[in-house]
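In what follows, a single structure is set out as structure tokens and then discussed.
Here is how names work: the chains are called A, B, and so on, in the same order as the sequence lines, proteins then strands, and each is numbered from 1. All of these numbers come straight from a predicted model, not from anything done at the bench.
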Amino acid sequence: MTSSSLSIYNTLTRQTEVFKPIHAPFVGMYVCGPTVYSNAHLGNARTFVSFDIIYRYLTHLGYKVRYVRNITDAGHLEGDQDEGDDKFAKKARLEQVDPMEIVQRYTLDFHKVLQQFNTLPPSIEPTATGHIIEQIEMTKKILANGYAYESNGSVYFDVEKFAKEYSYTILSNRNLEELLNNTRELSGQDEKRGRLDFALWIKAKPEHLMQWPSPWGMGFPGWHIECSAMSSKYLGEEFDIHGGGMDLVPTHHTNEIAQNIACHHKSPARVWIHTNMLTVNGQKMSKSLGNSFLPHELFSGNHKLLDKGYSPMTVRFFMLQAHYRSTLDFSNEALQAAEKGFTRLMNAMRLIPDLKVSAKSSVNCAELGKNMYDAMNDDFNTPVALAHLFEAVRIINSLNDGKESITVADKEELSKLMNEMVYGVLGLAEEKAANTDKIDGLMQMIFEVRSTAKANKDFKTSDHIRDELKRIGFEIKDGKDGTSYTIIN
RNA sequence: GGUAUCGUGGCCGAGUGGCUAGGCAGAGCUCUGCAAAAGCUCCUACAGCAGUUCGAAUCUGCUCGAUACCUCCA
């Protein structure tokens, strides 16, 4: 089916490279998951939808993928000064609950949101608090290897020492000297030797809610060490793909690579994949800017920037219309366009089983398939794949109108291709209302009444039925083979 | 201030030296009791300026503008 092979843009090399797993057919993929101290917003969702497509496509190509996505539930500091509170403790104090209640609440919310977007669960979803021992062990190793130092009960990574032997900025493509010169002054504390040094282990104050014993006293892990520890544990010291949002490149992923090299003398991942941001009116959607959308606000339309609600699948389709490495701008107009496009696609999908076959085919299924796979092979180019999907939509509609013809074999191929691409790879799904069968029966009865009226030229009654149904939310179409309906929002 | 990335038709958004992206919106036609849907046709753009080239939206330079990172962030 495919003539090309999968290529992926690698942040590490800033090039698109042919993908070759280290141990085919197995693929190890680590994606940085959320910090569960507040509701997942739409920007977060975009990242995980993007990686869902990547996971689905790799699986579709026959790879046995181990997809690891962590939950950060400890140690994520408020500031990068390695002082102050961790996010869970802060939120917990605000809400008068135990930090693990915060973790539980927002982990459940995160899972619910991703389920609504029809993403597949990862193979392993490890938590930071569940891997304190691994993080301590890794910190010990980095200390033993000489790339970290203890200071007053905390352990810091020595960036300048590391940078003498390895490239600290290989991923971010930054100039180290400039980073050193531009980093803001440390705010009055001098536990750290270097300005870029970051914490592997942080000494806890007595009142701190989340703390664990360690060789350096009671404390909690730094933010970056968890991903190093957990990826090493579940995927090995060297694995195929590491991903996350683009905003993680300069700090989190940069430090992760440094930690892994300092510990194992190996860079963790061959390919680094980074997804771009969702923007609102051209500005990055983020919690700190206060312009973020919560998924349920989008679904219900209960948000000051929205005219109406949009279903999860509409939003997923909307996200697929842009490449994962481009920013995607959010607006009512764009969402409405996506809604109509998605409906058109799904309407065509519904027509496939009943398409009439003939002895000859005017449809070139092989070419359609090749085009779609070529697009996906080109760094998961979903917008181009969708463009070819819409070519198929046009063909399906023409077949339905009897303007094109298709053989039994070609129809089977077309059906398989469309189902695999739309449902399997792109992860779109039909959004069925409850009690569809009952509604179907009810509608058939109404249509009988209406066609009797039509046969009697009683168009007043037939149009009244149609108008009323539309008002309620059913749009009906009179086709050659009877009347059909779609539920509109 | 430093470092990147980007600037595509009414909107969203692919493409990256010559060949129609696609979706939505708009116009016309066909079908139809009227609609709706669908099909066909039309709308053919690449921030500005200069350069390279037979040829540039695509390469180079400059200008302008936007965004991101350098501080938590997917």
Side-chain angles (χ1 to χ4, degrees), chain A residues 31-35 37-38 40-51 76-81 84 87 169 172-175 177-179 181-184 187 196 223 243-252 274-279 282-289 292 317-318 321-323 325-345 347-348 351 371 375 378 381-391 393-398 400-404 454 457 459 462-463 466-467 470 475-480 483-486 488:
Chain A
V31 174
C32 287
T35 303
Y37 69 100
S38 64
H41 71 248
L42 223 53
N44 305 112
R46 186 195 182 193
T47 294
F48 301 116
V49 166
S50 297
F51 282 105
H76 198 157
L77 292 170
E78 279 293 309
D80 200 40
Q81 310 300 326
K87 293 190 176 203
T169 52
S172 64
N173 199 26
R174 286 269 162 72
N175 182 317
E177 293 302 312
E178 276 164 1
L179 276 182
N181 293 333
N182 286 334
T183 304
R184 288 172 197 181
S187 53
L196 293 175
W223 174 34
M246 255 179 200
D247 46 357
L248 299 180
V249 170
T251 308
H252 183 56
H274 290 100
T275 58
N276 215 320
M277 302 291 108
L278 198 62
T279 59
Q283 258 204 327
K284 174 182 171 181
M285 180 183 289
S286 76
K287 287 169 191 169
S288 48
L289 285 170
S292 59
F317 177 88
F318 170 70
Q321 280 188 303
H323 186 86
R325 282 193 290 113
S326 299
T327 55
L328 174 60
D329 198 58
F330 224 63
S331 68
N332 266 303
E333 262 188 315
L335 247 9
Q336 265 159 30
E339 186 173 64
K340 293 199 174 170
F342 176 63
T343 303
R344 186 151 167 253
L345 176 65
N347 285 344
L351 291 176
N371 288 340
D378 181 17
N381 198 331
T382 53
V384 170
L386 272 176
H388 295 300
L389 238 18
F390 274 99
E391 170 64 10
V393 166
R394 190 192 58 74
I395 289 168
I396 290 165
N397 284 327
S398 292
N400 189 239
D401 287 353
K403 286 171 185 161
E404 300 227 31
K454 277 173 70 176
K457 304 266 184 217
F459 295 122
S462 68
D463 288 356
R466 185 175 63 201
D467 294 344
K470 182 154 190 179
E475 189 164 79
I476 68 173
K477 297 165 212 168
D478 295 326
K480 282 176 197 159
T483 305
S484 62
Y485 73 96
T486 48
I488 53 179

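A/Thr279 contributes a side-chain N or O that, together with a main-chain N or O of A/Leu328, makes up a donor-acceptor pair within less than 3.5 Å. Side-chain atoms of A/Asn397 never come within 3.5 Å of backbone atoms of A/Arg394 as a donor-acceptor pair (strictly under, hydrogens ignored).
Residue contacts shown for A/Lys284 include a base, since a base heavy atom lies under 4.0 Å away. If you check every strand for non-hydrogen atoms under 4.0 Å, A/Gly244 touches sugar and phosphate atoms only. When heavy atoms are screened at a 4.0 angstrom cut-off, A/Met246 is found touching no nucleic acid atom at all. Counting non-hydrogen atoms under 4.0 angstrom, A/Ser326 reaches the backbone sugars and phosphates but no base. Within 4.0 Å (heavy atoms only), A/Leu345 reaches no atom of the nucleic acid at all. Heavy atoms of A/Pro250 sit under 4.0 angstrom from primed sugar atoms or phosphate atoms, though from no base atom. Among the protein residues, A/His323 comes within range of the sugar-phosphate backbone only, with heavy atoms under 4.0 Å from sugar or phosphate atoms but none that close to a base. Among the protein residues, A/Asp467 comes within range of no part of the nucleic acid, since none of its heavy atoms lies under 4.0 Å from any strand.
Between the side chain of A/Lys403 and the base of B/C40, no donor-acceptor pair under 3.5 Å is found. Remark: the A/Asp463 side chain and the B/G33 base include a donor-acceptor N/O pair separated by less than 3.5 Å. One cannot find a donor-acceptor pair under 3.5 Å joining the base of B/A74 and the side-chain atoms of A/Arg46. For B/C69, its base sits under 3.5 Å from the side chain of A/Arg174 at one donor and acceptor pair at least. On a pure distance criterion of 3.5 Å, no polar donor-acceptor pair joins the side chain of A/Asp401 and the base of B/C40.
B/A36 atom P lies 18 Å from atom CG of A/Asn400, rounded to whole Å. Atom-to-atom, CD of A/Gln321 to C1' of B/U8 comes out at 16 Å; the value is rounded to the nearest Å. Per the geometry, NZ belonging to A/Lys457 stands 12 Å off C1' belonging to B/C34, to the nearest Å. Taking atom CD1 of A/Ile476 as the reference point, atom P of B/A36 lies 13 Å away to the nearest angstrom. Between the C1' atom of B/G39 and the CG atom of A/Leu351 lies a distance of 13 Å, rounded to the nearest Å. Whole-Å rounding puts the A/Asn173 CG to B/U3 P distance at 12 Å. In this structure, the OH atom of A/Tyr37 is 6 Å from the C1' atom of B/C73, given to the nearest Å. Rounded to whole Å, atom P of B/A36 lies 12 Å from atom NZ of A/Lys477.
As the counterpart of B/G7, B/C64 is assigned, both hydrogen-bonding distances of the Watson-Crick or G-U wobble pattern falling under 3.5 Å. Across all strands shown, B/U58 has no partner, as no Watson-Crick or G-U wobble contact with both distances under 3.5 Å is found. Remark: B/C70 base-pairs with B/G1; criterion is Watson-Crick or G-U wobble with both hydrogen-bond distances under 3.5 Å. As the counterpart of B/G39, B/C29 is assigned, both hydrogen-bonding distances of the Watson-Crick or G-U wobble pattern falling under 3.5 Å. As the counterpart of B/U53, no nucleotide is assigned, since no Watson-Crick or G-U wobble pattern has both distances under 3.5 Å. In this structure B/U20 sits in no base pair that meets the Watson-Crick or G-U test at under 3.5 Å.
The pair A/Lys470-A/Asp467 does not count as a salt bridge, with every side-chain nitrogen at least 4.0 angstrom from each carboxylate oxygen.
The same atom, C1', is picked in B/C6 and in B/U16; the two are 14 Å apart, to the nearest Å. Taking the C1' atoms as reference points, B/C46 lies 24 Å from B/U41, given to the whole Å. Comparing the P positions of B/A57 and B/G7 gives a spacing of 14 Å, expressed to the nearest Å. With C1' as the reference atom, B/G15 and B/A25 are 22 Å apart, rounded to whole Å. Across B/C42 and B/G10, the matching C1' atoms stand 16 Å from one another, rounded to whole Å. Taking the P atom of each, B/U32 and B/A27 are spaced 23 Å apart, rounded to whole Å. Using atom C1' as the reference point in both B/G23 and B/G65, the two lie 27 Å apart (nearest Å). Separating the C1' atom of B/G9 from that of B/C24 is a span of 13 Å, rounded to the nearest Å.
Map A/Ser398 and A/Gly341 each onto its nearest nucleotide of RNA chain B; the residue landing nearer the 5' end is A/Gly341. Each of A/Leu42 and A/Arg466 was matched to the nucleotide of RNA chain B holding its nearest heavy atom; the match closer to the 5' end belongs to A/Arg466.
Residues forming a side chain to side chain donor-acceptor pair (under 3.5 Å) with A/Asn381 (at least two apart in sequence, or on another chain): none.
Using bins of under 30°, 30° to 60° and over 60° for the plane-to-plane angle, the ring pair A/Phe390/A/Phe317 lands in the perpendicular bin.
For A/Asn397, a side-chain nitrogen or oxygen approaches OP1 or OP2 of B/G39 to under 4.0 Å.
Where stacking is scored as ring centres under 5.5 Å apart with planes under 30°, A/Phe459 registers as stacked on the base of B/G33.
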